[in-house]
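Here's the structure we're looking at; comments come further down.
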Amino acid sequence: MSEGQRLNRNTLAKQNRKLVIAPYLFILPNLLIFGTFIVFPSLLGLYYSFHVYDGLNPMKFNGLDNYIKIIGDREFWSTIGRTGIYAAIVVPLIYAAALGIALLLAREIRMRGFFRAVFYWPTMISYIIVGLTWKWIFGDSFGILNHLLTVVGVEPVGFLTSSFWANTAVIIATVWSRAGFFMVIFIAGLQAIPTDYYEAARLDGATGMKVFRYITLPLLKPTSLLVVMLTLIDAFKAFPLMFALTGGGPGKETTYIVQYIYEIGFNRQELGLASAMSVMLFILIGGFSALQFRLSKGGAV
Amino acid sequence: MTRRTTFKLITSMVLVMLLIVLTACGNSGTSANGKQATLDFLWFSDGKEGEVIKEIIKDYEQTNTQVKINLIEVGFKDIQTKLKTMLSGGKPPALSRVTDTGSFANQAVDLTPYMGNADQFKDQFIDSLKPYYVMNDKLVAAPMDVTANGLIYNKTLFDKAGVKVPTSPDQVWTWDEYTAALKEVMDKGGARYGMVWDVTPHRWSTLLYQYGGSILTEDGSAAAINNEAGIRAMEKFKQLHQEGIMPESVWLGGENPNNLFRSGTVATHWAGNWMISNYKDITDFEWGVTYMPKETQRSSVPGGKFLMAFEGSGYEKEAAEFIEYLTSKEVNSKYNQESLFMSPRKDSSVLNYEFGKEMFEIFADELKNSSPLAANDWSRQTLISKISTDLKNNIMDVLSDKATPQEALDRTAKLINEAIGSQ
């Protein structure tokens, strides 16, 4: 080996090393933020979950007691059940609404930009404001809807005091505030489908529903998976909207799991127990995501 | 750009990031050795007391030039969380206005050595407040104002219906007379609802004491809420909703009772005395305060706002001195008189309010005629904060037909006994 070659090899190795480090350096700033604000608090939560802790006085280790308590807590499981039902209704509704709007607005129609904006607008409003806005509509004594009902001579409805209507109100508000966001994702997905397929289908004589069923839907599978997964996680983490709209009421009818955990942690000052519940919720959501990913084979078409 | 400069750029970016994170976490506090002592004072306002305290602080700073008070104002709902964060983060404020003295008792400065004669200091205040601020013989806080629950009514609606309200303590309604009066105001006066009641177990418990019940036994060793008196009180509460005298939208739908009363369509509002300053600006109708009805006895529920100094702020002594100043007769009377609050001092029970003087007299009378069990229950704040959400939920279960009064209160009693056992 000549001197020149060796030198060359050395610089090459050096460059290679740099290339190996560079990507890590690039993600370092993000990793630092992620670590400080997500990973570290999560680990701390896991640590708390094995203790009795009120946020102020010294922690007491109590092993798995918090978890045992949760397993026997009827209230916890009925709240999970309620959250599950809410998710089971809200996820398909958002999926259908977002896809429907996207199909309409992916076409070349007049004032397309305006309509897209109209549907996207609500996603930019914070959940608290969405909740308060709908409270002004559904409110029992001050709501616009009840006012209008009285004007036309219909008995006012206890929108926020009846279990059925309160849940309906929450679902309507959720769909309204989230559909626009997923509409954008669907529009992107729809535009990524090559037009050749549609042309081919049309040549074969397929129309309307058939094109949708055999071309659009299958080719949207990765997008659909993403949307379903995000909405499902969203649904299980729902809290601020209900907090502002119904306060979790009437009674506990619209109290979902995150609000329940919040109440245990901050109203009852049992941070250890609340942390253990969060860990359970984390496992549950993680399980869902894994299952979905497996069922859809990672979104492969 | 060459690789080398890219590398440098990245390294410096990372360093800047690290620096930001580190300085954000670092302690920027000032030393206690300096001449000027800056006292962080955590505060919340229900009405106009924030303005009053600012004036008092200004006066204090003028005579005590070495002390500067830094008033940190937060919403009432956030005070507990904010204070907890500051304490567990190792940066306690010098002092804070608090309602829940029990939660922070372990972090509080024992004011005993700073107050000269501690017994004399305590004797200045209404006796029923003592369990709130004396814990394990430690003087953990000092009372700033005292609160009572009472009955605010829409005078215009009562007049329209021709219904008279009691004007002296010997005329107080029984609960049956009171409900009959409300029905009349609804029928003849056109009120949509007879009464609204704040959604808190504290306000709800007024009914419990009037029916002769209590949350705990007198010695605090067990739950008493599910005894016969408790069940009767709960049945009454349910009945008031069933008969449409109380709207379900408040307890079940989260509607704000203040707004309902302000709309002029509700005959009475059961609230705290702080609502007097809140309702001061109502011009659409006339309103007043009257005596609450009784069943087996009269009762209100005492409460208060306290000042607490914290260990580890570096200004324990200065904070204690400031608390002594704020609770002194002259300053405390000025504070309560101008804020339209009631003084916890025995020697300032009659203040010269510029508004609603006669209303305060009624509230003071309610307080004087309260069941001793009320203060006994509510001064056990650590316990109460553990069970009050459950109590509220159980009351709601009764209203929404998910539990009978007996079932709901038995469940509550079980939780109370568990909470007592784990203390």
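Sequence lines set the chain letters: A, B, ... in the order given, protein chains first and strands last, and positions in each chain run from 1.
- Comparing B:Asn106, B:Thr81, B:Thr85 by how many heavy-atom pairs each has under 4.5 Å with chain A, the most go to B:Asn106.
- Residues of residues 396-414 of chain B lying within less than 4.5 angstrom of chain A, judged on heavy atoms, are B:Met396, B:Asp397, B:Lys402 in numerical order.
- The stretch residues 92-107 of chain B participates, sequence neighbours left out, in these salt bridge (charged side-chain N to carboxylate O under 4.0 Å, His left out) pairs: B:Glu49-B:Arg97, B:Arg97-B:Asp145.
- Rounding to the nearest 0.5 Å places NZ of B:Lys77 at 15.0 Å from CZ of A:Phe266.
- A pairwise comparison of heavy atoms in A:Gly55 and B:Ser88 identifies O-CB, 3.4 Å as the closest pair.
- Annotation: the span from B:Ser103 atom OG to A:Gln269 atom CD amounts to 5.0 Å, rounded to 0.5 Å.
- Contact of B:Glu248 with chain A is made through backbone and side chain together, with heavy-atom distances under 4.5 Å.
- Contacts with chain B (heavy atom to heavy atom, under 4.5 Å) involve these residues of residues 153-174 of chain A, listed by number: A:Leu160, A:Thr161.
- Identified under the salt bridge (charged side-chain N to carboxylate O under 4.0 Å, His left out) test for residues 39-66 of chain A, with sequence neighbours left out: none.
- Within the 4.5 angstrom heavy-atom criterion, no atom of B:Thr265 approaches chain A.
- A 4.5 Å side-chain heavy-atom check between B:Asp390 and A:Arg268 finds at least one atom pair inside the cut-off.
- There is no contact between A:Glu75 and chain B, counting heavy-atom distances below 4.5 Å.
- Ranked by heavy-atom pairs under 4.5 Å with chain A, the first of B:Lys386, B:Glu255, B:Lys392 is B:Glu255.
- Note on A:Thr254, A:Asn57, A:Thr246, A:Leu245: by heavy-atom pairs under 4.5 Å with chain B, the leading option is A:Asn57.
- Heavy atoms of other residues, nucleotides or ligands lying less than 6.0 angstrom from OH of A:Tyr47 number 12 at most.
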